[in-house]
Engineer: 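Please see the structure below; I have some questions.
These numbers come from a predicted model, not from an experiment. Quick note: numbers below take in every heavy atom, side chains included, and nothing from hydrogens, waters or symmetry partners.
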Amino acid sequence: MRFHALATDYDGTIAHDGAVDADTLKALEKLKKSGRKLIMVTGRELPDLLAIFPRLDLFDLAVVENGAVVYNPRTKETRVLSEGPPPKFAEELRKRGVQPLSSGHVIVATFVPHEKTVLDTVRDLGLELQVIFNKDAVMVLPSGVNKATGLAAALAELGLSPHNAVGVGDAENDHAFLKMCECSAAVGNALPAVKDTADIVMKGKRGAGVAELIEQLIADDLSDLKTLARHRVPVGNADGGQEETLDPAGAGVLVCGTSGSGKSTLTTALMERLAHAGYQILVVDPEGDYTNLEFAHIVGNTNQAPRPEDVTEALRDPKRSIVVNLLGVPLADRPAFFAQLLPRVLEEKARTGRPHWLVVDESHHMLPAGPDAANLATQLPDRGTLYITVHAGAMETRALDHVRTLLVIGGHPAKTVEEFCKATGEKRPKCPPVSGNKLPTGDTMLWRRGDKNAVIVHTQPPRTERKRHSRKYAEGNLGADRSFYFRGPDGKLNLKASNLFMFVQLADGVDDDTWEFHRANGDYSQWVREQIKDNQLADELAEVEADAETGPRDARAAVRAAIEARYTLPSDAPSGKID
């Protein structure tokens, strides 16, 4: 399910003249049986609500006093979320003839035409209070307290996100909590201003409108709602000036491009925007590329493999995104770990709708073409997935079935699109020409399956500074294929450097003939460029390699210094300026 909770106002929404009819109660019961949560959000005070509505037990939580108090009908516990106005405020209002007047745990409420007296009293007493109107009702609350803040507290208590909630209301004080919900609905009798800002407007009035909404929720999870424009996440601007966006609740995305082309940078920018909008992201990070994301909690490190139970535990906080760092898992075991983790993640997603996005880096390794990955791919969500790979053709095609948007970067983008189409059986679109067959840094070729044309999009860089991944390259195990091997001029040696720490250690120990052999061949800069993916460092090493006047000792020192300037090596690495 996309929507796991319905938050509803009381008066004018489920209730008419203070009462809820039998048909509306049946609809509410039906919603509960579907597995969804019910949350009341009302301006009424709790004793008043309990006296007038005997079926509050249908609701998982009730937000009363216009967002100031949360009540649990099952445990009968009341949680006050804010300190109320001082007693002298209500006393002064009574002295000034304001009647009727009620005071709850926090709220002080009356009716028009006393609004001017209320405002004058707030000013005269020098209090930091806000006055909220709800048709004829006049409610006074501390600044910043409203139905949205109360609903946020209730959703957090239930372990749910506003992005998995539908809100329905009818009046002025409903605006705040309706806007917070992923989908907002107005009943047929709602004020024009509420209807104008709601995502959907029901035909039925009051309880009949809520029952209508519930029927749609149960029937198809509001699937015909399609995309809500207010939630779309920008990718960048095309050459024609139009903004290209992604649907945060839409089908899968594939970021594909040559090695070192900036896939992590583009993906980081997209994830930043999703996280900023409150969507929870789970990143499966085989190579430690995303351990510096400011908005994410990291599970696992170079020395310790993540535990699936730690991942699912971390997911229970709706406000926290998760990076699962697999550097502590042997390279060959990472696909198996992903296969073990995925069912647990999907179980959490089925229960709460989160994580909203599953990001799988090195997808050709996590989901390689073959029977094992084919079985795993059938479990993947059909929306909210983002895959990152060098070769789309190396991925299991059943995983690619979920992809509807392709973002290509780096060299030969048209060839990459062609490879994707060949793997999926799609008709190849017309791709715009690219100078030198390489997209400029920051550009991506965007194609949505079914479109006749792909477009070039100019993206914005992420706010997160792309620091070098010190643990990945300095301490991690790059694997046999990506390690550097000191073999010497006669190929008699086979000294393996699986990371930069091992490289500088071995470089200090090998004989001069071996060192100079690899230096003369440009092997050091080539390894850094192709396997470490650091062009700046590679350029610096190439200068050392090309300097014929520098001897082996000074060349070693220059290479070490260049590496230390960009990476933090382990504290037990010998000599140098290592911290």
Side-chain angles (χ1 to χ4, degrees), residues 163 227 229-239 241-298 319-325 355-363 383-390 392 403-411 413 416 434 438-448 454-469 472 533-536:
H163 290 299
T227 297
R230 65 188 175 100
H231 295 307
R232 292 193 73 95
V233 173
V235 177
N237 292 324
D239 284 334
Q242 73 272 22
E243 185 179 61
E244 296 290 345
T245 61
L246 294 177
D247 179 4
V253 177
L254 176 65
V255 175
C256 192
T258 50
S259 180
S261 58
K263 296 186 293 296
S264 297
T265 301
L266 174 60
T267 307
T268 295
L270 294 175
M271 290 194 294
E272 278 183 350
R273 291 160 197 160
L274 287 165
H276 180 72
Y279 294 96
Q280 187 183 54
I281 306 162
L282 175 69
V283 186
V284 178
D285 185 9
E287 297 194 348
D289 281 339
Y290 301 97
T291 55
N292 63 320
L293 296 182
E294 296 179 354
F295 56 82
H297 173 74
I298 313 300
K319 298 179 181 178
R320 181 165 60 178
S321 289
I322 313 296
V323 171
V324 185
N325 183 353
H356 301 109
W357 279 83
L358 172 64
V359 178
V360 184
D361 196 13
E362 301 292 329
S363 298
R383 61 173 181 252
T385 49
L386 193 156
Y387 306 109
I388 310 157
T389 186
V390 176
V403 173
R404 288 294 174 268
T405 301
L406 183 63
L407 297 173
V408 179
I409 57 178
T416 301
V434 175
K438 184 176 182 181
L439 288 164
T441 300
D443 282 4
T444 181
M445 186 176 288
L446 182 150
W447 178 57
R448 293 185 173 89
V455 296
I456 302 295
V457 177
H458 312 294
T459 66
Q460 293 295 318
R463 293 189 303 273
T464 300
E465 182 184 357
R466 291 293 298 159
K467 300 176 182 177
R468 298 311 303 166
H469 313 300
K472 170 183 174 180
K533 304 175 185 178
D534 188 340
N535 290 332
Q536 182 176 331

Engineer: Identify, with sequence neighbours excluded, every residue that meets side-chain hydrogen bond (donor to acceptor under 3.5 Å, both in side chains) alongside D239.
Structural biologist: H458
Engineer: Mind checking what makes side-chain contact (heavy atoms from CB on, under 4.5 Å) contact with P461, not counting sequence neighbours?
Structural biologist: none
Engineer: Sorted by first residue and then second, give each ring pair (Phe, Tyr, Trp, His ring centres under 6.0 Å) pair with at least one member in residues 242-267; sequence neighbours left out.
Structural biologist: none
Engineer: Could you pull out all residues at least two apart from H297 that satisfy side-chain contact (heavy atoms from CB on, under 4.5 Å)?
Structural biologist: V299, A314, R320, I322
Engineer: I'd like to check M445 versus T416 (side-chain heavy atoms, cut-off strictly below 4.5 Å). Are they in contact?
Structural biologist: no
Engineer: Once salt bridge (Lys or Arg N to Asp or Glu O under 4.0 Å) is applied, do any residues pair with R448, and if so which ones, sequence neighbours excluded?
Structural biologist: E244
Engineer: With sequence neighbours excluded, what pairs up with Y279 under the ring pair (Phe, Tyr, Trp, His ring centres under 6.0 Å) test?
Structural biologist: H163, H356
Engineer: Listed by chain and number, what are the side-chain hydrogen bond (donor to acceptor under 3.5 Å, both in side chains) partners of H276, not counting sequence neighbours?
Structural biologist: none
Engineer: Kindly write out the residues that satisfy side-chain hydrogen bond (donor to acceptor under 3.5 Å, both in side chains) with T441, not counting sequence neighbours, or none if the list is empty.
Structural biologist: none
Engineer: Going by the rule side-chain contact (heavy atoms from CB on, under 4.5 Å), which residues pair with D361 if we only count those two or more places apart in sequence or in a different chain?
Structural biologist: D285, P286, D289, Y290, I388
Engineer: Got more than 12 heavy atoms from elsewhere within 6.0 Å of CD, E243?
Structural biologist: yes
Engineer: Please name all residues satisfying side-chain contact (heavy atoms from CB on, under 4.5 Å) with T389, sequence neighbours left out, ordered by chain then number.
Structural biologist: L254, C256, S363, H364, M395
